[in-house]
Structure formats: structure tokens, C-alpha cells
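Worksheet: one structure, shown below.
Values reported hereafter were calculated over all heavy atoms of this structure, with side chains retained and with hydrogens, waters and symmetry mates removed.
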Amino acid sequence: MARKAPFWRGFGLLLVPITSLLVTSLQAFQEDWSTARISDEPEFLAPIHNLTTPVGREATLSCTVSNLGKYKVAWVRAEDQTILTLHTKVVTHNSRISVTHDNLKTWHLRIRQLKESDRGCYMCQINTSVMKIQQGCLDVYVPPDIINDDTSGDLSVSEGENATLWCRATGHPTPRIAWKREDSKPIILRKGPRQEERVETYNGTNLHFWRLDRKQMGAYLCIASNDVPPAVSKRIALNVNFAPSIKVPNQLLGAPLSTDVHLECYVEAFPNTINYWVKNRGEMLLNGSKYTISETRRGYKVSMQLVIHNFTVPDIGTYNCVSTNSLGRAEGTLRLYGQ
Ligand SMILES: *[C@@H]1O[C@H](CO)[C@@H](O)[C@H](O)[C@H]1NC(C)=O
Ligand SMILES: *[C@@H]1O[C@H](CO)[C@@H](O)[C@H](O)[C@H]1NC(C)=O
Ligand SMILES: *[C@@H]1O[C@H](CO)[C@@H](O)[C@H](O)[C@H]1NC(C)=O
Ligand SMILES: *[C@@H]1O[C@H](CO)[C@@H](O)[C@H](O)[C@H]1NC(C)=O
Ligand SMILES: *[C@@H]1O[C@H](CO)[C@@H](O)[C@H](O)[C@H]1NC(C)=O
Ligand SMILES: *[C@@H]1O[C@H](CO)[C@@H](O)[C@H](O)[C@H]1NC(C)=O
């Protein structure tokens, strides 16, 4: 308190001893005064600290009183006025509650294995003729938990349709919901035909997609977090279905006789396709000594390869790569001639 009187300082050196004298006697007076009061009645010496504790842990609220004398301290739950402890005894039927004291001065209300129902304020009461009360509050934090029944499951949507992924979580404080792609690529959001936005993280319970396209297919993570670790996440696969489309990089191929000729087609489709090669709109080509057929997939993209070994005159003609899935069929055409 003495330090809060800086205006003394300007008055010069002479005043300093007087200042300190005044302060000393003021402190002495305060002590005398409070001791005098204490000899009659108990007093609270400090406010009860509020606590924030995760569920399952334990919390101890402490109430410090001076000169308790013949009086007793009780802990009472403020919400419903339930008396929990009286002096050194626990009076409520709750094995998680206990009370201890340090020389009748500091009274500790200990609650073990905290439940959400323990959240609230607690009063420390002294049974003086006019009851003395002070209270402290306990906030019980609960880590986030995703409510599976109220969160999207894996979803399959046709390209061009709208879709919404949603995610709900419990916890205290209320968890924040954020979305990310599992492959760490940005989330593509479209608000209109030409309004495209890419974000690493999207905040919000609902993730809306307007007219989905294939690039938005993937696994999304809904991440729920609050101030209590651990954060939790759920993986939601969003499949975008579309019929195959084929691109042929080289539609006209000339090759020297007796060499191996490489033919290639690029397919995009989902769900997965059945792919094959046809010669002169007739026979389907089979893997073997004449033809090597292979394909490489990356997501919804497939590269189809055909190698014709020892190119000879009968091999000249038209080749088609064909791709089908449940939504449709596509084919590409390549013409092969000898050089
Ligand atoms: C404890 O929390 C209560 C309610 O949230 C508030 O009114 C009070 O001022 C807080 N006490 C202290 C010592 O911070
Ligand atoms: C306070 O409560 C205790 C226990 O009930 C009792 O023994 C004591 O007489 C009470 N004191 C006053 C002043 O009411
Ligand atoms: C997608 O949403 C937009 C805007 O809400 C709406 O105009 C459109 O008809 C929807 N498209 C489909 C395929 O449901
Ligand atoms: C999402 O929320 C986090 C944490 O609250 C914040 O740091 C971030 O800036 C938010 N992102 C957006 C795009 O609002
Ligand atoms: C064709 O055979 C080659 C090796 O002989 C093999 O690597 C390839 O996977 C086969 N392709 C198909 C479609 O079975
Ligand atoms: C390629 O085909 C020709 C004609 O059928 C044949 O004479 C030749 O031996 C073949 N070459 C190889 C490497 O198989």
C-alpha cells in the first residue's frame, strides 16, 4: 500500500523519514485493527482461488480463515446449498469428497475423480452469528469427443452435385471444429461457377461443396479441439463418381518394322474402371509374347500402356483403348502405320 503513494516523492529528502514513519504506523494500525477484530470473530484472509481442472482429475479449493476459535467451517455447494463438509467431517454421501485443514487455518475441500456435475461454485461458511461466506468456483474441463451419430460418414457423390460434410463434438469448453485434407493438399471451396478458394484449414462444423469436381475427391479430417488435450479427429472419405474420359497423347503413330511400339492412353474415372485394348474394332488384345499390357494408377487417373513387340505389316491398323465403369464407357483411337 505504501508504494501506491508516489506523490510524496516530489517533496524532497526531508520528507522521506516522515513518509516512512507514516507508512509504518499505518501498517501497524491496520495490523492492530485487524488483530483486534480477529480476537472477536474469525475472518477470511484470502479469496478462494477459482480452479479449472480436467474431468477425472482432482481439485482442491482452499479457504483461509484467521482465529477460528469456537467456530466451525463448512463447505457448501452453492448451486443447491448442499452441505458437503462440516468442520473435519464429510457430511454428504460422496466418497470423492474429503476435507483437511492446516492448524484450523486453511481448509481444503478436495474432490477426486472430477465429474462434469462437480462444475459450479463452492461456499466456505463460518458459523458466526452473522454467517460469513466466501466462494470459489470450479470449472471442469472435458476433452473433445466426436459424436459419431451426428457426423458424416463416407460419402459418394456424382460429379456436379452438391455435398456437405458435417461434424459435431462434445466437450467443455465447446470444441472448435476444423477440416483438413488427409493428404495435406488445400481444400478447394467453390462459392459460384468461377469463385474458387483454396484453404489449408476450414473452420466450422459444416463443410459445403458446391458442384463437386474430381479434384475435391479425397479423405477429409474433421478435427475437434478445445483447451483440453488431446484433440480428436475423424476421417471421412468423399468419393466423387464420374464416367471415364480418355485422352490420347499420340493418335497417329508411325514406327519402323521389327521394333517395339509403345501406345498410351490417359483415363480419368471413378469408381475404378476396367480397361482393355482392341485391334481393328474386333479382337481384344491379351497380354503375352506379342503384346505387353500394363497400367499405372494414381487416384482417379490411370495410364494405359500397350507395347506391340516386333512390329510387322499385319500389326498396321487401328487400336482402341477402352475404359468402362458403372457410370459409363470411353474409348480412345490410335492409328498405327509403318515407316
Ligand atoms: C471466480 O469466478 C467467479 C464466477 O466465475 C467470479 O465471479 C469471481 O470473481 C472469481 N473469483 C476470483 C478470485 O477470481
Ligand atoms: C458453530 O457450529 C458448531 C458445530 O455445529 C457448534 O458447536 C458451535 O457452537 C457453533 N458456533 C456458533 C457460534 O454458532
Ligand atoms: C447446388 O446448390 C446450388 C446453390 O445452393 C443450387 O442452386 C443447385 O441447384 C444445387 N445443385 C444440385 C445438383 O443440387
Ligand atoms: C481457424 O481457427 C484457428 C484457431 O482458432 C485460427 O488460428 C485460424 O486462423 C482460423 N482459420 C480461418 C481460415 O478462419
Ligand atoms: C502383362 O504381363 C506383364 C509381364 O509379362 C506384367 O507385368 C503385366 O502386369 C501384365 N499385364 C496385365 C494386364 O496382366
Ligand atoms: C520379328 O518378326 C519377323 C517376321 O515374323 C521374324 O522374322 C523375326 O524373327 C522376328 N524378330 C524377333 C526379334 O522376334
Point to revise | Single hit among Thr52, Ile48, Asn50 for side-chain contact (heavy atoms from CB on, under 4.5 Å) with Cys137 | key: Asn50
Practice item. Inspect the surroundings of NZ in Lys301 and state if more than 12 heavy atoms from other residues, nucleotides or ligands are less than 6.0 Å away. Key: no
Practice item. Using modelled atom types only, decide if a donor and an acceptor are shared between the side chain of Asn206 and the backbone of Trp166 within a distance under 3.5 Å. Key: no
Point to revise | Verify same cluster id: Leu104, Val90 (apolar side-chain graph, 4.5 Å) | key: yes
Point to revise | Same apolar cluster: Ile97 and Val55, side chain cutoff 4.5 Å | key: yes
Check your understanding: Does Ile316 belong to the same Ile/Leu/Val/Met/Phe/Trp/Tyr cluster as Tyr319, with side-chain heavy atoms less than 4.5 Å apart forming each link?
Key -> yes
Exercise for review: List in chain and number order the residues that pass side chain to side chain contact (heavy atoms under 4.5 Å, CB included) with Arg298, two or more places apart in sequence or in another chain; answer none if no residue qualifies.
Suggested key: none
**Study point:** Sidechain-backbone polar pair: Asn280 side chain, Gly317 backbone, donor-acceptor under 3.5 Å
**Key:** no
Practice item. Could you list the residues that satisfy side chain to side chain donor-acceptor pair (under 3.5 Å) with Asn94, not counting sequence neighbours? Key: none
Practice item. Step by step, work out the ring-ring contact (aromatic ring centres under 6.0 Å, His included) result for His87 and Trp75. Key: CA-CA 9 Å; His87 204 55; Trp75 281 101; over 10 Å; no
**Study point:** Distance under 6.0 Å and angle within 45° of ring axis: Arg235 vs Tyr220
**Key:** no
Check your understanding: Out of curiosity, does Val313 fall in the hydrophobic cluster containing Leu263 (side-chain heavy atoms, cut-off under 4.5 Å, transitive links)?
Key -> yes
Point to revise | Gln134: side chain to side chain donor-acceptor pair (under 3.5 Å) partners, not counting sequence neighbours | key: none
Review point. So, does Asp260 use its side chain to make a donor-acceptor pair with the main chain of Asn310 at under 3.5 Å?
Key: yes
Check your understanding: Looking at Thr151, Leu155, Thr205, which hits side-chain contact (heavy atoms from CB on, under 4.5 Å) with Leu165?
Key -> Leu155
Check your understanding: Of Arg57, Arg77, Arg96, which is the lone residue that meets salt bridge (Lys or Arg N to Asp or Glu O under 4.0 Å) with Asp118?
Key -> Arg96
Practice item. Using a strict 4.0 Å threshold on nitrogen-to-oxygen distance, state whether Lys132 and Glu43 make a salt bridge. Key: yes
Exercise for review: Kindly assign one of parallel, tilted or perpendicular to the pair Phe242 and Tyr300, based on the angle between their ring planes and the thresholds 30° and 60°.
Suggested key: perpendicular
Check your understanding: Any donor-acceptor pair under 3.5 Å linking the side chain of Asp154 with the backbone of Ala237?
Key -> yes
Review point. Under 3.5 Å, side chain of Asn203 to main-chain N/O of Ala178, donor-acceptor pair present?
Key: no
**Study point:** Least distance between heavy atoms, Asn226 atom then Pro175 atom
**Key:** CB-CA, 4.0 Å
Review point. Under 4.5 Å between any side-chain heavy atoms of Val261 and Val307, yes or no?
Key: no
